[in-house]
Amino acid sequence: MSDRDPQPVERQLPTDEARDLLALVREIAHREIAPKAAEEEDAGRFPREVFTLLSESGLLGLVYDSEYGGGDQPYEVYLQVLEELAAARLTVGLGVSVHTLASYALAAYGTKEQQVEHLPAMLGGGLLGAYCLSEPASGSDAASLRTKAVREGDDWVINGTKAWITHGGIADFYTVMARTGAEGSHGITAFLVPGDAEGLSGAVPEKKMGMKGSPTAQVHFDDVRVPDERRLGEEGQGFAIALAALDSGRLGIAACAIGLAQAALDEAVGYATGRRQFGHPISDFQGLRFMIADMATQIEAGRALYLAAARLRDAGRPFAKQAAMAKLYCTDTAMKVTTDAVQILGGYGYTADFPVERYMREAKVLQIVEGTNQIQRMVIARHVAGPESR
């Protein structure tokens, strides 16, 4: 409809290295990811070769220590990389975020020996990770999980089922939270489980509204034996590890949401400037101009919010409240902006000939994953008004 190419996002990056990194990401996104996104999402195809390329390019371990194959990049830079990847294809951006989340427990709580043995392959060796906390009957109330790990000599034997696992059934490693003690949050321990462990299996992937190229599946653990050397952190520390990982992971979801919203805005503007009605481009009509202005403003506000939270994290300051705010606002923004993009395209927006209908379907899940937006509001309220009185 329009020859107008979307303008690159104006970014405030801290170093020349970061600017070169974003240029590399844009090139990969433009050449390797975006051209196949619609076809592969429609076919439900997971682009494993893209993740291999990202690993070879040093993009799967950006926030971790270069001693182990990471990129030594601050979250401020990493999140903007995620945004660019998600704008090209959410399956890829979210997949990188989940892989980073799955690597967190080992990078932050593992022993030196564990890190030396496992991190290089996880960060730059072509492996893909998954994060296993949720269960069929344990979602928002994650501390009530039922998957058990029982000590047998120098091993742990894990039994149970995890649910809603991104990369479930195809991951090379799983960071698993399992109950090793009493009921409640203090009886949970974290384990690093190899994807080919005997007794581990993935169910048939869920049939989803969107993100059909990203497999989401239950993962079954049937007498999966894991040596104690793969326990991460202390016994009973697993829930604290899980929550710490999610604080950072929520920033990844926020960045992905803004990338998706930016892609929808770019598509809507391109259409509106090329589509003519009553002798004028429809972008001349005030109703649409106001919609576009609101969409652009919401995206900029969301980007500023997630970057402010990232800079707190990079400075070593508390950021849990700001992470929840960023996840809440950015994912609500993605839902609103993608819906408005469909409206701007009118009937065409409701067809698969244009990507905005896919963007709208994909945006919905971002309000759910890694803590629903209702949970984010609870987290924020506790920081602002204190805990609930019961």
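- Remark: Glu32 engages no residue in a salt bridge (Lys or Arg N to Asp or Glu O under 4.0 Å) (not counting sequence neighbours).
- Side chain of Glu39 to backbone of Lys36: no donor-acceptor contact under 3.5 angstrom is found.
- Side-chain contact check for Asp294 and Gln298: no donor-acceptor pair (N or O, by modelled atom type) lies under 3.5 Å.
- Not a single donor-acceptor pair under 3.5 Å links the side chain of Arg89 to the backbone N or O of Val92.
- Looking at Met378 and Gln374, their side chains never come closer than 4.5 Å, going by heavy atoms from C-beta outward.
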Exercise. For Glu135 and Thr147, run side chain to side chain donor-acceptor pair (under 3.5 Å): C-alpha distance rounded to whole Å, both residues' side-chain angles, the deciding distance at 0.1 Å, then the answer.
Key: CA-CA 8 Å; Glu135 297 183 3; Thr147 295; 2.8 Å; yes

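- Taking each heavy atom of Leu127 and Ala121 in turn, the nearest pair found is CG-O, 3.4 Å.
- Judged by distance alone, the side chains of Ser214 and Thr91 never bring a donor and an acceptor atom under 3.5 Å apart.
- Within a 6.0 Å sphere centred on NZ of Lys208, heavy atoms belonging to other residues, nucleotides or ligands number more than 12.
- Using a cut-off of 4.0 Å between Lys/Arg side-chain N and Asp/Glu carboxylate O, Asp332 and Arg377 are scored as salt-bridged.
- Within a 6.0 Å radius of CD in Glu49, more than 12 heavy atoms belonging to other residues, nucleotides or ligands are found.
- In this view, Lys336 and Asp340 satisfy the salt bridge (Lys or Arg N to Asp or Glu O under 4.0 Å) rule, not counting sequence neighbours.
- Cluster partners of Met209, using a side-chain heavy-atom cutoff of under 4.5 Å among ILVMFWY residues and allowing indirect links: none.
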Exercise. Might you work through the side-chain contact (heavy atoms from CB on, under 4.5 Å) test for Val50 and Ile33, ending with a clear yes or no?
Key: CA-CA 7 Å; Val50 168; Ile33 302 174; 3.9 Å; yes

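- When hydrophobic clusters are built by joining Ile, Leu, Val, Met, Phe, Trp and Tyr residues whose side-chain heavy atoms come closer than 4.5 Å, directly or via intermediates, Leu22 is grouped together with Leu260.
- Atoms CG and SG, from Leu94 and Cys256 in turn, are 5.5 Å apart once rounded to the nearest 0.5 Å.
- Remark: the backbone N or O of His99 is paired with a side-chain donor or acceptor of Ser103 at under 3.5 angstrom.
- Looking only at atom types and distance, the side chain of Arg313 has no donor-acceptor partner in the side chain of Gln322 under 3.5 Å away.
- Qualifying salt bridge (Lys or Arg N to Asp or Glu O under 4.0 Å) partners for Asp172, counting only residues two or more places apart in sequence or in other chains: Arg48.
- Remark: Phe285 CZ to Ile344 CD1 distance equals 13.5 Å, nearest 0.5 Å.
- Of the possible donor and acceptor atoms, one in the side chain of Arg179 sits under 3.5 Å from a partner among the backbone N and O of Ala143.
- Here the two rings, on Tyr306 and Tyr329, have centers that are 6.0 Å apart or farther.
- Counting all heavy atoms, side chain and backbone alike, Ala261 lies closest to Ala334 at CB-CA, 4.0 Å.
- Heavy-atom neighbours of His186 NE2 from other residues, nucleotides or ligands within 6.0 Å: at or below the threshold of 12.
- Contact between Leu101 and Ala245 at its shortest, heavy atoms only, is CD1-O, 3.2 Å.
- In this structure, Asp314 contributes its side chain and Tyr75 its backbone to a donor-acceptor pair below 3.5 Å.
- The main-chain N or O of Gly213 is found under 3.5 Å from a side-chain atom of Glu41 such that the two form a donor-acceptor pair.
- For the atom pair CG (Leu21) and OG1 (Thr15), the distance works out to 8.5 Å, reported to the nearest 0.5 Å.
- Counting only distance, with no hydrogens or angles, the side chain of Glu27 and the backbone of Leu24 share no donor-acceptor pair below 3.5 Å.
- Chaining together hydrophobic side chains whose heavy atoms lie under 4.5 Å apart leaves Val9 on its own.
- Ring geometry, Tyr271 versus Tyr348: the interplanar angle falls from 30° to 60°, so the pair is classed tilted.
- Look at Arg11 and Glu83 and you find a salt bridge, because one of the NZ, NE, NH1 or NH2 atoms lies within 4.0 Å of a carboxylate O, short of that distance.
- When every heavy atom of Phe319 is checked against every heavy atom of Ala309, the shortest pair comes out as CB-O, 3.9 Å.
- For the pair Gly168 and Ala217, the tightest heavy-atom approach, listed with the atom from each and the gap, is O-CB, 3.8 Å.
- For the pair Gly95 and His167, the tightest heavy-atom approach, listed with the atom from each and the gap, is O-CE1, 3.5 Å.
- Summarising the local packing, CD of Glu388 is surrounded by more than 12 heavy atoms from other residues, nucleotides or ligands at distances under 6.0 Å.
- The 12-atom threshold is not exceeded at CD of Gln343, counting heavy atoms of other residues, nucleotides or ligands nearer than 6.0 Å.
- A side-chain donor-acceptor contact under 3.5 Å links Lys327 to the backbone of Gly371.
- In terms of modelled atom types and a separation under 3.5 Å, the side chain of Arg231 and the main chain of Gly233 share a donor-acceptor contact.
- In this structure a side-chain-to-backbone donor-acceptor pair under 3.5 Å is missing from Arg276 to Gly274.
- The number of heavy atoms from other shown groups lying within 6.0 Å of CZ (Arg317) does not exceed 12.
- Rounding to the nearest 0.5 angstrom, the gap separating the NE2 atom in His220 from the CG atom in Asn159 is 12.5 Å.
- Here Glu370 does not pair with Arg250 in a salt bridge; the nearest charged N to carboxylate O distance is not below 4.0 Å.
- With side-chain heavy atoms closer than 4.5 Å counting as contact, directly or through intermediates, the hydrophobic cluster containing Val176 also holds Trp156, Ile158, Ile165, Tyr174, Phe191, Val193, Leu200, Val219, Phe221, Val224, Val226.
- Remark: Ile368 CD1 to Ile375 CD1 distance equals 12.5 Å, nearest 0.5 Å.
- Once rounded to the nearest 0.5 Å, the distance linking CD of Glu229 with CG of Asp154 reads 6.5 Å.
- A donor and an acceptor atom, one from each side chain of Tyr104 and Thr175, are nowhere located under 3.5 Å apart.
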